[in-house]
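Heads up: the structure comes next, in structure tokens.
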Amino acid sequence: MENHIERRSSCRRQRVVLFPMPFQGHINPMLQLANILYSKGFSITVIHTNFNSSYKSNYPHFTFRPVLDNDPKDNNLAKLASKGIGDLLLGIMLLNQCGADSLHRELEQMFVASKQQHEPIVCLITDALWYFTQSVADSLKLPRIVLRTSSLFCVNVYASIPLLDDQGYFNQADSVFYEENIMSPDDTSNFKKTKSSKPVLNLEEQVPEIPLLKVKDIIKMRIKGQEDPTGKLLANMLKQTKASSGVIWNSFTELEEPELKKILQYFPVPCFLIGPFHKCFPASSSSLFEPDRSSMSWLDHQSPSSVLYISFGSTAQLEEQQFLEVVHGLADSKQPFLWVMRPGFIKGLEGTEPLPKWFLDLVGERGRIVKWAPQQEVLAHKAIGAFWTHNGWNSTLESICEGVPMICSPFWGDQPLDARYVSDVLKIGIYLENGWAREEIASAIRRVMVEEERDEIKKRTKCLKEKVNSSLSKGGSSYESLETLIGYISSF
Ligand code: UDP
């Protein structure tokens with residue numbers, strides 16, 4: 001690809017400016033998209049917050065410009081991040097409220113430079129959550145294209161939040177109740193919605209407004225209604241996405257065909273499903289953590305399809321009690337495992353202090369623990385039999401692309417929605433939907449790794465993997481959509 005990139009650079013005419021949201025799951029797809037556009041002949045400028053921008057040195061062919069918190073000594077966002085993802089999200093909302101002037105100034109300076117270089121800036125591509133960038137782009141008469149880094153299904157559910165709220169699904173007390181309890185199915189039967197005048201539902205019941213979902217899937221999103229800060233953030237995101245010049249999705253038509261119809265009705269702008277991006281350019285170069293490559297040589301010594309890979313992404317945190325259930329479930333399953341334990345992934349702790357000595361002995365026999373893994377390579381390794389995931393959208397796509405069945409343990413946001421889609425629509429994973437009980441964990445691991453059920457799941461994952469490959473090949477849906485996108489951007 002290097003030579004390919006070099007060859008094209010001499011004839012660049014147009015520049016695209018991209019602005020990722022500073023979280024791993026958002027940085028990866030934006031930088032992959034930047035590489036795709038670069039390989040198609042565009043010059044690339046990435047504007048970024050000072051916070052979470054350590055990946056820059058891996059992209060010498062891009063221009064980088066800091067905005068919003070652009071003083072390298074300003075570590076306000078980092079401080080918010082260390083308090084938890086909730087505080088960090090509030091910081092991001094604040095930047096959405098007060099970032100317009102700073103971005104406007106920065107873009108004006110870029111216009112001057114691009115004129116001198118005879119390389120016009122043709123459009124701004126920003127993460128959907130940077131909704132404030134729409135008014136800035138409008139004021140500069142610059143087309144803004146949105147990158148949405150989640151599934152289409154998730155956005156369709158977000159679009160229904162006002163309706164679901166009116167029906168009383170987001171009762172605040174209920175959400176708190178759900179978060180604070182590791183529930184068994186029995187616990188959920190008395191769960192009542194109090195805000196609505198509708199008859200009482202329990203958590204296991206199907207949501208009539210979105211039949212793919214159960215009531216508990218909505219509660220697990222941890223949104224407390226349309227007036228809640230997250231609800232407002234999502235409403236703004238949807239409104240400003242509708243006002244944009246187009247939406248790029250890291251998904252492919254064959255994966256979410258029924259959802260695409262709804263999306264096309266909802267957004268009156270061109271939509272481009274050109275994913276999965278990481279099949280064109282891997283995520284490793286935009287990693288904020290150093291991957292431990294020793295896991296690869298360990299995998300080389302394991303039998304085919306024998307290892308369970310466990311990772312809950314870059315922000316999810318387990319309670320200590322839940323963590324110990326995982327430890328026991330894993331031990332009882334008797335399966336080999338590779339487990340990513342990010343520093344800080346047990347709530348309130350930096351390290352893995354609660355790990356019992358007997359479990360460390362078990363790790364010596366049939367397991368491996370790393371702080372961060374080269375995930376895409378791990379999933380592509382023949383020793384991997386299943387992926388126990390939090391169903392972040394990138395992880396979900398990466399698993400699908402390698403034909404690896406999943407065990408789904410979502411935490412919040414879009415994750416419970418994607419978990420439901422993976423288990424009930426695609427039927428390529430087992431949803432651990434009742435919390436973190438060790439018996440259920442051990443049973444789910446055995447179902448997906450060794451029992452008869454595994455063959456059917458494996459067949460479906462293989463079939464989906466083939467669909468990914470054909471969608472990215474010449475004539476396939478993602479391939480053609482990318483060609484259309486390139487033509488569209490070039491026409492600005
Ligand atoms: N990832 C990785 N190594 C790890 C864990 C995660 O490289 O040990 C990458 C993973 O491949 C994915 C991203 O981090 O591209 C996580 O994004 P995702 O949307 O799955 O979850 P999030 O971190 O946003 O919750």
Side-chain angles (χ1 to χ4, degrees), residues 20-35 52 54-55 58 81 84-86 88-89 92 127-129 147-155 220-222 249-251 275-296 298-299 307-318 337-345 352 368-381 384 387-402 404 406-419 421-422 429:
M21 179 69 36
F23 304 117
Q24 187 73 78
H26 293 246
I27 291 167
N28 287 358
M30 187 65 93
L31 271 292
Q32 287 156 0
L33 175 63
N35 257 339
N52 269 357
S54 57
Y55 54 84
N58 293 329
I85 190 74
L88 185 52
L89 265 177
I92 295 293
D127 193 290
L129 288 175
L147 169 63
R148 181 57 199 163
T149 57
S150 73
S151 63
L152 278 68
F153 175 52
C154 147
V155 172
K220 279 187 185 180
M221 286 158 62
R222 296 200 196 168
W249 300 86
N250 189 12
S251 188
F277 303 167
H278 74 275
K279 289 298 278 180
C280 307
F281 289 95
S284 47
S285 48
S286 51
S287 193
L288 298 169
F289 309 91
E290 191 57 42
D292 182 342
R293 301 202 55 82
S294 67
S295 46
M296 298 308 292
W298 181 80
L299 284 174
V307 177
L308 174 69
Y309 171 59
I310 310 164
S311 166
F312 302 128
S314 60
T315 58
Q317 288 185 306
L318 277 175
F337 58 87
L338 168 61
W339 187 357
V340 177
M341 291 188 194
R342 236 182 42 243
F345 120 101
T352 53
R368 181 112 194 148
I369 293 173
V370 293
K371 289 187 174 148
W372 193 249
Q375 180 161 303
Q376 274 176 244
E377 284 173 69
V378 166
L379 288 169
H381 198 286
I384 296 297
F387 180 14
W388 187 1
T389 171
H390 69 312
N391 286 112
W393 187 237
N394 296 289
S395 295
T396 304
L397 282 176
E398 289 159 14
S399 202
I400 287 172
C401 286
E402 301 309 331
V404 176
M406 286 171 250
I407 297 174
C408 308
S409 286
F411 288 72
W412 58 288
D414 59 339
Q415 299 158 13
L417 309 175
D418 294 334
Y421 201 81
V422 162

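Order of listing sets the numbers, starting from 1, for every ligand and every atom in it. Hydrogens, waters and symmetry mates play no part in the numbers below; they use all other heavy atoms, side chains included.
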**Q.** Per-residue contact class, Val340 against ligand 1 - non-hydrogen pairs under 4.0 Å
**A.** side chain

Q) Do any nitrogen or oxygen atoms of Gln24 lie less than 3.5 angstrom from nitrogen or oxygen atoms of ligand 1? A) no

Q. Please state which protein non-hydrogen atom is closest to atom 16 (C) of ligand 1 and give its distance, to 0.1 Å?
A. Ser395 OG, 4.2 Å

Q. What is the nearest protein non-hydrogen atom to atom 24 (O) of ligand 1, stated with its residue, atom name and distance?
A. Gly25 CA, 3.3 Å

**Q.** Location of contacts on Trp393 toward ligand 1, heavy atoms closer than 4.0 Å
**A.** backbone

Q.
Could you check whether Asn28 and Ser286, counting side-chain N and O atoms only, form a donor-acceptor pair closer than 3.5 Å?
A. yes

Q: Under 4.0 Å, heavy atoms only, figure out whether ligand 1 is touched by the backbone of His390, its side chain, both or neither.
A: side chain

Q.
My understanding is that we take every heavy atom of each candidate and find the minimum distance to atom 7 (O) of ligand 1. Doing that for Ser314, Ala373, Pro374, which one comes out nearest?
A. Ala373

Q) Within less than 4.0 angstrom of ligand 1, does Ser287 place any heavy atom? A) no

Q. Looking only at heavy atoms, is any part of Tyr309 under 4.0 Å from ligand 1, and if so is it the side chain, the backbone, or both, or is it neither?
A. side chain

Q) Does a side-chain heavy-atom distance below 4.5 Å link Gln32 with Cys280? A) no

Q. Can you tell me the protein heavy atom closest to atom 19 (O) of ligand 1 and the distance?
A. Asn394 ND2, 2.8 Å

(Q) Do Leu397 and Glu402 have side chains that approach each other closer than 4.5 Å (heavy atoms only, starting at C-beta)? (A) no

Q. Just heavy atoms, cut-off under 4.0 Å: does Glu398 contact ligand 1 by side chain, backbone, both, or neither?
A. side chain

Q) Going by distance only, is there an N or O of Asn28 that falls short of 3.5 Å from an N or O of ligand 1? A) yes

Q. So between Trp372, Trp412, Phe411, whose heavy atom ends up nearest atom 2 (C) of ligand 1?
A. Trp372

